[in-house]
Each structure stands twice: as C-alpha cells, then as structure tokens.
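Below is one structure, written out as structure tokens, with a few remarks after it.
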Amino acid sequence: MKIDVLVAEIGSTTTVVNAFKDIDTEHPVFWAQGQAPTSVLEGDVRIGLQGAITDLCKKKGIESLEYDEMLATSSAAGGLKMTVHGLAYDMTARAAKEAALGAGGIIHYITAGKLRRTDLAKIKEIHPNLILIAGGVDYGERDTAIDNAEKIRSLGLKVPVIYAGNCENQEEMKLIFDEESGQKLYNVENVYPKIDELNVEPCRKVIQEAFEEHITGAPGMEHVRDMVNGPIIPTPGAVMECTKLLYECIGDLVVLDVGGATTDVHSVATESDQVARIMTAPEPKAKRTVEGDLGVYVNRMKVIESMGEEKLREKCEKAGIDPDKALESYVAIPKNDEERKLVEILTEEAVMKAMERHAGQIRYVYGPSGRSSVAEGKDLTQVKYIVGTGGALTRLPHRVEIMKKIAGHDETGMRLFPTSHAEILVDNDYIMASLGVLSKKHREGAKKLLEQSLGISFPEKRVGLERQLAENGEKSQGKNEEGMPAVFAQLKEELAEKDAKREELIRHIEECEAEGYDMTVYREDLGLSLPEKKPETCDRNCGACGRTSCRQRKR
C-alpha cells in the first residue's frame, strides 16, 4: 500500500504515525494512525518508528506501507532544552522567552543581567540543546550581551547559540563564537528592537531550524534522517504552527493541549481597543505557555494538590466515584467510567489553572490622581474559538462542557478570558501537531484536513475584523446608538459587568472589615492594598484620625 505522506510524532514515551493520502487534491484523506513505545533509550529511534508503522499496518490489514514523504515532530530526548539570557527580565529576557516558547522550546533557565558563577554552574548542569542570548535595544546597551557570550563560550559546552539582541553586537558575536569555540552561531534580528516592541517571529524560525539540524545528535536520534525525508520540528512548535495556520482561516483563537505531563496553551489573538489603551507592556500576537506541573497522569498528584483534596473528594462524590479506588487503578489512559470521570475532574482543573496563567488581567493602581486601571498580560477577550487538542480534550466524553466553563471561571471579574461568545471546537482526529509540520510543505492540504478534524468549513478567504464589520456589521449585527459595531458594544458591556462585579466584591470586603473581620486574603486575591489601621485611642484633640470617639474620649 502506498500513501503520500507519513508524519511521525516522536514523543518521550510514545511514537505515533499518521498516514495521509491524496494530500494535494481537493479532498485529502487522513487514512490511518499507528503507535508504539519510543525507542530512544534503546539507542535507535527507528525501532519505535517501525513499531508504530507495523501497528498502523495491522489496523488496516496490510502487509507493508510505502510513502513518498515522511515528516516528523519530536519531543524525545527531553525535547528542545533551552536556556535564555537577556538584559532586563521585563524587556529583552521576556521577549526571548516568548520566542523560545512559541518555537517549541522547553525553557529550563532564564537570567537577566550579567551572568554570575552560580548561573554558569546551572547552565552547565542543564547542558541545554540550544542557548539564546539577547539584550539591549538596537543601538542601545551592548556590554551585557557580550560579557554573557564570553562567559558562555568559556563553559566549553559545544552547544549552538542564537544571538537575538542589539544588532550592533552581531560582528562581536562572530568573533566570540568562532570555529575554535565549537559552537555554531545563529545571528538573527533583535527580539526587542525598540522599547515596547516585540519581534519574535524571526527568532522562532531560526530556533526550529537549529532544532532540526541538531536534534539528530541527541541520544537515540542520530538515525532519524535514515527514515525522515522532510522537516523535523519540536512537537509543541508544530502545534503552534497549526494554531497560526488556523488563525489565518478563522481568526483569533486559543488552543488547549492537556497531556499526561504538561498542559500547553497556544493563542493567536490581538488585544481589544479598550485593553490596548491601558496595557503596561506589549504581548506577542502568537503566545505559548507551558505548565509543567499540570498533567493528568504523570503530574496528577500536583493537579490534586492545586485543587485541594477536599475539593477533589467533593467533586468525586458529586460524580459518584471513589477517588482512592480510581487513582489506584488509573494508568495513563482511563479504562472505565470511574477513571474517565476522575480524569475529567483533573482535566478541568488543569484547563482552568493553565488559562489563569496564560491570560492577562486588569488591575487597579492608586496614585496621586486617584484610582486607574491597567492591563497586564495576554488579552483573550477577542477570541472567537477555543480549540481542544491532546488526549484529554479529544477523547473525554465531556470535553466540550469543560471548555465551555472557561468564560465563567473568572471569579474576580478582572481576568482577560475569552467570553461566553467563543465557540468550542475539538481536534477530533488528534492531528494538529502532524498538520503543523505538514503545513510546511502542503499548506492547502493541511487546511482541508483541519476542516475535517474540527468539523467546520472555513470561509473561502478570511478578511480582517475591521473589514468584516464594515461590510457586514450593520446587516448582521447592527450598531448601537453610539455607532459602535455590536461586537465591540457587547465586549464593552461584558467588561463593564466584570467591573461592576469587582466593585461589589470590594464593597463586601469593606463591609466585613467594618464589622471587624480580617479580609487580608481577599484583598490580596483582588490585588488591593491593605487598609490603613486607625488607632483605637488618640492623645491629640485635632480629629486628624477621623474618629469622633477619640475627640470624645479626650474631652
């Protein structure tokens, strides 16, 4: 049997292969899937790859499989381990971090400023696959990045280095990482060229190229090129590529990938006009966060710790299951209703926590002119679609209901979560990572396969939101009395509702404090400053403390 493309997802524990036929036609076909244990530890990744192909052949009842192309994604050998080193954390270090995460890197260490001996020891201990150095806006500060580069060379790690800092340092970097250093250098555009300007995409592209070039040197991966004749990119980076492809087709979205060890959140969205005016720092249009403590199997006990045992037992009792029994029998993939219900509880907690960490929020600051609002982090209020991928959100019975709860999870009313108008989609074929790498060579075919997996039809050509509103706003949605398109008016109303909800909570806190209750924890949750304590008695008769009882006592 011959197919067009075979895509291998080489994970740390499992290798999955997806077969595609008629890839460049109007009706491409996701033909079959096979899986087998990854064989990195056995010293040859081809064993696991062949095992997955054999499993696919067995399922389809064929003796052998031939293919024109084989592409791959990989998180084997610990994935793409990276360390990131910038000048100031809130500026260049954060920009470099966003570039690395979006490309599929697993960041093990971040530093800001000049490297210390303890930092160098940590880098040596991690022994990353890739080191990213940034620092200084273009034509700005130069010395920190140069100093860090010289110290990193002195470690003798022979690890490739990407420099994405002040453009004036590129020639210096070539001198530092010369042929004698044994470290290949990639000079790319500055990730933070100007104050409050992010430029992460060029760096992301080079990170993926560097990964493909050097992953074959990882233990057990040296033979991967014997079978794969197309691109190899990190699995999380492949999901991000697919997310960006989907954005081109349907607009602002967020993709949730809940796995056994981690929960990844990918979003491609622009901030609303209302939020943009009060943002304190720029956010990348395409953002990825990795929650290494939120996994529904390997890290299930950390998820339980996050939600609290009492809450777990309460939810399990409501679901009619015994948590102790279910946890004892649960191994990787749930096998019965009790285990599925338990995993749904864990998945919901992982989803909500991951969204809290990925999304931004609005908070109040107090100054001489009174209270003002500022926005920090990624604004997801414009998101039109929430997409579920990964084992949990593509296979659990109540996966859609779990994702629908996201909009109502904002208890404080100040998080920049997607609204209840966001539509829920599921990657039913569980192929988003494969389609991410497939899109590198077969973009149109990947789009059609996405339509099939998500169960929707894309518009022939998606236009910008502003143009859509100009062409269709008055006909389909209308405008309010102020002439504002209805979609923005709805958002304004929802933000006003959140604001009112927060004000009500603040009033409740103040009422409780007036009754003598300690509301410190609740104030901290809302980001409020602690109230000034007023003295019970006063030795002065000026009334400065505002307590008439003090003046009465003095008299």
Side-chain angles (χ1 to χ4, degrees), residues 12 40-41 43 45 74-89 92-93 95-97 99-101 103-136 141-191 203-225 232 234 237:
S12 297
V40 170
L41 296 179
V45 75
S74 175
S75 55
L80 178 58
K81 290 192 298 182
M82 292 185 66
T83 60
V84 173
H85 313 285
L87 175 58
Y89 183 82
T92 47
K97 172 189 169 187
L101 285 172
I106 300 173
I107 298 177
H108 286 250
Y109 196 49
I110 301 174
T111 65
K114 292 188 177 182
L115 292 169
R116 301 176 180 84
R117 283 173 292 185
T118 50
D119 297 325
L120 296 172
K122 187 74 174 177
I123 296 168
K124 200 165 186 177
E125 179 188 334
I126 293 167
H127 199 95
N129 303 118
L130 203 57
I131 295 172
L132 174 56
I133 301 173
E141 201 271 356
R142 299 182 61 179
D143 295 342
T144 300
I146 292 172
D147 187 73
N148 287 345
E150 289 173 340
K151 288 175 178 174
I152 286 169
R153 172 181 167 152
S154 71
L155 294 174
L157 291 179
K158 312 301 179 188
V159 172
V161 171
I162 294 177
Y163 175 67
N166 185 344
C167 62
E168 286 190 299
N169 282 342
Q170 290 194 355
E171 292 304 315
E172 289 280 349
M173 293 296 164
K174 289 178 183 178
L175 295 175
I176 295 170
F177 298 106
D178 55 14
E179 290 184 8
E180 292 182 9
S181 73
Q183 293 182 267
K184 182 165 183 177
L185 172 69
Y186 299 86
N187 265 329
V188 300
E189 293 176 31
N190 195 344
V191 291
C203 186
R204 283 177 176 172
K205 184 179 179 182
V206 172
I207 289 171
Q208 290 189 356
E209 290 173 359
F211 172 80
E212 182 173 348
E213 185 173 341
H214 294 279
I215 191 64
T216 52
M221 293 291 290
E222 61 269 21
H223 302 297
V224 69
R225 273 293 171 206
I232 305 171

Distance from [X] atom [atom1] to [Y] atom [atom2], nearest 0.5 Å?
{"X": "Tyr163", "Y": "Glu172", "atom1": "OH", "atom2": "CD", "result": "9.5 Å"}
{"X": "Thr83", "Y": "Lys124", "atom1": "OG1", "atom2": "NZ", "result": "14.0 Å"}
{"X": "Lys97", "Y": "Thr92", "atom1": "NZ", "atom2": "OG1", "result": "13.5 Å"}
{"X": "Phe177", "Y": "Ile133", "atom1": "CZ", "atom2": "CD1", "result": "4.0 Å"}
{"X": "Ile110", "Y": "His85", "atom1": "CD1", "atom2": "NE2", "result": "9.5 Å"}

Point to revise | Backbone of Gln170 reached by a side-chain donor or acceptor of Asn187 within 3.5 Å | key: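 A pair under 3.5 Å: yes.
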Practice item. Look only at the side chain of Lys151 and the backbone of Leu115, and say whether a donor-acceptor pair between them is shorter than 3.5 Å. Key: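 Between the backbone of Leu115 and the side chain of Lys151 there is a qualifying donor-acceptor contact (under 3.5 Å).
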**Study point:** side chain to side chain contact (heavy atoms under 4.5 Å, CB included) between Ile207 and Met82, worked out
**Key:** CA-CA 10 Å; Ile207 289 171; Met82 292 185 66; 4.0 Å; yes
For the student: nearest non-hydrogen atoms of [X] and [Y], plus distance:
{"X": "Gly135", "Y": "Ala145", "answer": "O-CB, 4.5 Å"}
{"X": "Ala134", "Y": "Val191", "answer": "CB-CG2, 4.1 Å"}
{"X": "Glu189", "Y": "Ala164", "answer": "O-CB, 3.7 Å"}
{"X": "Asn190", "Y": "Gly136", "answer": "ND2-O, 2.9 Å"}
{"X": "Tyr109", "Y": "Thr111", "answer": "CE2-CG2, 3.4 Å"}
{"X": "His127", "Y": "Val159", "answer": "NE2-CG2, 4.2 Å"}

Check your understanding: Thinking salt bridges, do Lys174 and Glu171 make one under a 4.0 Å N-O criterion?
Key ->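 A salt bridge links Lys174 with Glu171.
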Point to revise | Qualifying residue for side chain to side chain contact (heavy atoms under 4.5 Å, CB included) with Gln183, from Leu155, Ile152, Asp178, Ile176 | key: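 Among Leu155, Ile152, Asp178, Ile176, the one meeting side chain to side chain contact (heavy atoms under 4.5 Å, CB included) with Gln183 is Ile152.
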Point to revise | Test log, rule side chain to side chain contact (heavy atoms under 4.5 Å, CB included), inputs Lys114 and Asn148 | key: CA-CA 6 Å; Lys114 292 188 177 182; Asn148 287 345; 4.2 Å; yes
Side chains of [X] and [Y] in contact at under 4.5 Å (non-hydrogen atoms):
{"X": "His108", "Y": "Glu125", "value": "no"}
{"X": "Val161", "Y": "Met173", "value": "no"}
{"X": "Ile123", "Y": "Leu157", "value": "yes"}

